[in-house]
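Take a look at the structure set out below.
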Amino acid sequence: DGTQFIALRGSSSQGATSPDGINWTARTLPSTANWKAGTSGAGVSIGYGVSSTSAISSPDGINWTARTLPATGVWTGVAFGSGKFVMISSGSTQLASSTDGLTWSSQFLPTSGSWQGITFGGGQFLIVESGTTNAYTSPDGNTWTARSLPVSANWKPVAFGANMYVA
């Protein structure tokens, strides 16, 4: 079905793909950056460079094209839902969003924070702030509603599955 596992190497121009998670093929990225594997949606996979304006996109995980984010950020995560990619940045209100993974625009959260995790599920984006009880949800990546986690913790990536969010 063309599904590929994708791994991107930080501080390099190297990546790898695998159809089964067992057999891997080396790939060359368009530039060197502290790459983080992103997510897939809308027929494209994306990756992003931490503390940069660099992003990359690929329709197949094999051929990658350089993209530019709207601002330099300490990018910590990206999710796809409601027809758009939303990327979060730690230490600011900055978000980046894209409907196609190719062109990106700025968006903003109501407050600055150490945003460390983002996911989409159940019709909502969820972001969490490390070291606090702060979280936000959004059905569209534009309008955000403050939420409170039950305890303050060093929250990191979040996920959605089996009809529940997990942090």
Side-chain angles (χ1 to χ4, degrees), residues 1-109 113-121 124-130 138 140-141 154-162 165-167:
D1 70 357
T3 300
Q4 294 278 325
F5 291 97
I6 297 170
L8 303 179
R9 183 175 173 196
S11 302
S12 78
S13 62
Q14 299 173 343
T17 59
S18 171
D20 56 14
I22 299 167
N23 302 298
W24 291 84
T25 302
R27 304 294 178 197
T28 300
L29 306 177
S31 64
T32 297
N34 187 11
W35 295 114
K36 300 291 182 185
T39 192
S40 296
V44 65
S45 295
I46 61 161
Y48 59 92
V50 175
S51 300
S52 75
T53 58
S54 298
I56 51 177
S57 68
S58 174
D60 55 14
I62 298 167
N63 302 296
W64 293 88
T65 302
R67 305 294 177 193
T68 303
L69 297 172
T72 298
V74 181
W75 305 108
T76 57
V78 63
F80 181 82
S82 291
K84 101 174 12 173
F85 294 95
V86 175
M87 189 178 305
I88 58 171
S89 177
S90 181
S92 75
T93 61
Q94 181 75 45
L95 296 174
S97 67
S98 174
T99 57
D100 59 10
L102 310 180
T103 57
W104 293 83
S105 61
S106 287
Q107 293 194 228
F108 299 92
L109 290 166
S114 180
W115 306 111
Q116 295 296 315
I118 183 169
T119 192
F120 183 87
Q124 298 280 320
F125 287 97
L126 168 70
I127 63 170
V128 296
E129 182 181 9
S130 183
S138 173
D140 57 11
N154 288 325
W155 304 108
K156 295 294 181 186
V158 292
F160 183 86
Y165 294 97
V166 179

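Two residues are said to be in side-chain contact when any heavy atoms from C-beta on lie closer than 4.5 Å; Phe125 and Ile118 meet this criterion. When side chains are defined from C-beta on, Trp115 does not count as touching Ser89, because their heavy atoms never get closer than 4.5 Å. Contact check for Tyr165 versus Thr119: side-chain heavy atoms found under the 4.5 Å cut-off. Residues Leu69 and Met87 are in side-chain contact: their nearest non-hydrogen atoms beyond the backbone lie under 4.5 Å apart. Using a 4.5 Å heavy-atom threshold, the side chains of Asp60 and Gln4 count as separate. With a 4.5 Å cut-off on side-chain heavy atoms, Trp35 and Leu29 count as touching.
Going from atom CG of Asn63 over to atom CZ of Arg27 covers 8.0 Å, rounded to the nearest 0.5 Å. With values rounded to the nearest 0.5 angstrom, Ile56 atom CD1 is found 9.5 Å from Thr65 atom OG1. Interatomic distance, Ser12 OG to Asn34 CG, rounded to the nearest 0.5 Å: 9.0 Å.
Among all heavy-atom pairs drawn from Ser57 and Val44, the shortest one is CB-CG2, 3.7 Å. When all heavy atoms are compared, the tightest approach of Ala37 to Leu8 is CA-CD1, 3.7 Å.
In this structure, the side-chain contact (heavy atoms from CB on, under 4.5 Å) partners of Ser106, at least two apart in sequence or on a different chain, are Pro70, Gln94, Phe108. Contacts of Ser114 classified as side-chain contact (heavy atoms from CB on, under 4.5 Å), with partners at least two apart in sequence or in another chain: Ser90, Gln116, Glu129, Ser130. Scanning for side chain to side chain donor-acceptor pair (under 3.5 Å) contacts around Ser40 gives Ser45, with sequence neighbours left out. For Ser18, the side chain to side chain donor-acceptor pair (under 3.5 Å) test picks out Asp20, with sequence neighbours left out. Remark: Gln107 pairs with Lys84, Leu95, Ser97, Asn142 by the side-chain contact (heavy atoms from CB on, under 4.5 Å) rule, at least two apart or across chains. Legend: residues meeting side chain to side chain donor-acceptor pair (under 3.5 Å) with Ser138, ordered by chain and number and at least two apart, are Asp140. The side chain to side chain donor-acceptor pair (under 3.5 Å) search around Ser98 returns Asp100, not counting sequence neighbours. For Thr72, the side-chain contact (heavy atoms from CB on, under 4.5 Å) criterion is met by Thr53, not counting sequence neighbours.
Pairs of residues two or more places apart, or lying in two chains, that qualify as ring-ring contact (aromatic ring centres under 6.0 Å, His included) and include a residue from residues 46-83 are Phe80-Phe85.
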Verify side-chain contact (heavy atoms from CB on, under 4.5 Å) between Val78 and Val86, making sure each step is shown before the conclusion. CA-CA 6 Å; Val78 63; Val86 175; 5.9 Å; no
